[in-house]
Amino acid sequence: MIKKIYIFIILFFVGLTTQTKAYDCHFDKLKPGVTKKALEEINIFAYGPDTSDIFTKQLYVEEICKGDKGDPEDPHSISIMLVFLKDKLIKVNYINHIPESTILFQIAKNDYKINFERNKASIEKKQSEFYSTTVNNNSYFYVLLKQGNRQEEYLEIVSDKDISKFEEFLLKIEEAQ
């Protein structure tokens with residue numbers, strides 16, 4: 001009898017860990033401060049024309065995830081934009097293209113260990129949700145925009161000490177137009 005209880009407990013905890021993170025991706029490697037060279041370890045090659053100190057790289061989640069692409073828990077609906085200042089990643093933007101899912105909220109909690117708590121009143125009233133926090137000089141912004149039966153989900157991670165250089169770059173582009 002004790003052996004059956006022990007097996008049940010092990011299976012229960014294994015089930016919990018697979019439910020909390022059913023996908024096998026390298027999201028935790030995509031954070032400000034990491035270098036282009038370090039990202040090569042997960043097959044992200046962020047190189048292009050050297051016309052500026054700022055470089056952007058568009059990714060699709062399939063480029064950094066492994067596993068069965070037919071699994072409904074796979075975050076296959078996500079696109080990712082990486083922004084580099086010279087050799088260093090300074091900004092990560094995630095967009096979830098399947099509005100029924102809140103996978104980016106789960107990525108913030110599970111992969112980045114951000115302690116966002118959803119506002120129950122906003123959920124019940126089907127209102128948009130906005131959460132932000134700062135950890136280790138990086139700001140995390142989560143947005144779930146809702147309008148009627150439509151919703152859009154975004155997650156942004158920004159280096160607090162380097163983002164001003166990116167904003168200056170954008171301002172120069174805007175002034176040139």
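Since we're looking at a predicted model, the values are computed, not measured.
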Checklist entry - Does the ring center of Phe27 lie less than 6.0 Å from the ring center of Tyr94? => result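 Between Tyr94 and Phe27, which both carry aromatic rings, the centre distance is below 6.0 Å.
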Ignoring hydrogens, what is the shortest heavy-atom contact between [X] and [Y]? Give both atom names and the distance.
X	Y	answer
Ala46	Lys57	CA-CD, 4.2 Å
Pro32	Ile157	CD-CG2, 3.4 Å
Ile123	Lys146	CA-NZ, 4.1 Å
Asn119	Glu129	N-OE1, 4.3 Å
Ile163	Asp160	CG2-O, 3.9 Å
Phe116	Lys109	O-NZ, 2.9 Å

Item to check | Candidate pair Tyr154 and Glu156, rule side-chain hydrogen bond (donor to acceptor under 3.5 Å, both in side chains), full reasoning | outcome: CA-CA 7 Å; Tyr154 303 91; Glu156 179 176 273; over 6 Å; no
Checklist entry - In Å, rounded to the nearest 0.5 Å, how long is the span from CG of Asn96 to CD of Gln106? => result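 Asn96 CG to Gln106 CD: 11.5 Å, rounded to 0.5 Å.
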Checklist entry - Roughly how far apart are Leu59 CG and Leu39 CG, rounded to 0.5 Å? => result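 Between atom CG of Leu59 and atom CG of Leu39 there are 8.5 Å.
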Find out if a path of hydrophobic residues (ILVMFWY) with successive side-chain heavy-atom gaps under 4.5 Å connects [X] to [Y].
X	Y	value
Leu155	Ile44	yes
Ile54	Leu170	yes
Ile107	Val83	no
Phe130	Val135	no

Next on the checklist: Under 6.0 Å from the ring centre and within 45 degrees of the ring axis: does the NZ or CZ of Lys36 meet both conditions for the six-membered ring of Phe84?
Outcome noted: yes
Checklist entry - Distance under 6.0 Å and angle within 45° of the ring axis: does Arg118 meet both against Tyr131? => result no
Checklist entry - Could you go step by step and tell me if Glu153 and Tyr142 meet the side-chain hydrogen bond (donor to acceptor under 3.5 Å, both in side chains) rule? => result CA-CA 8 Å; Glu153 187 183 35; Tyr142 172 83; 2.7 Å; yes
Checklist entry - Would you say Leu104 and Ile78 make side-chain contact, with heavy atoms under 4.5 Å? => result yes
Checklist entry - Can a salt bridge be assigned to the pair Glu40 and Lys37 using a cut-off of 4.0 Å between side-chain N and carboxylate O? => result yes
Next on the checklist: Assess the residue pair Asp162 and Lys88 against the criterion (salt bridge (charged side-chain N to carboxylate O under 4.0 Å, His left out)); give the C-alpha distance rounded to whole Å, side-chain angles, the decisive distance to 0.1 Å, and a yes or no.
Outcome noted: CA-CA 10 Å; Asp162 295 316; Lys88 186 169 57 169; 2.9 Å; yes
Item to check | Step-by-step salt bridge (charged side-chain N to carboxylate O under 4.0 Å, His left out) determination, Lys165 to Glu167 | outcome: CA-CA 5 Å; Lys165 292 175 182 83; Glu167 290 168 347; over 6 Å; no
Checklist entry - Would a distance-only check, ignoring hydrogens and angles, find a side-chain to backbone donor-acceptor pair under 3.5 Å from Thr35 to Ala38? => result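 Such a contact is found between Thr35 side chain and Ala38 backbone.
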Item to check | N/O donor-acceptor pair under 3.5 Å between Tyr112 side chain and Lys31 backbone | outcome: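 Answer holds: no.
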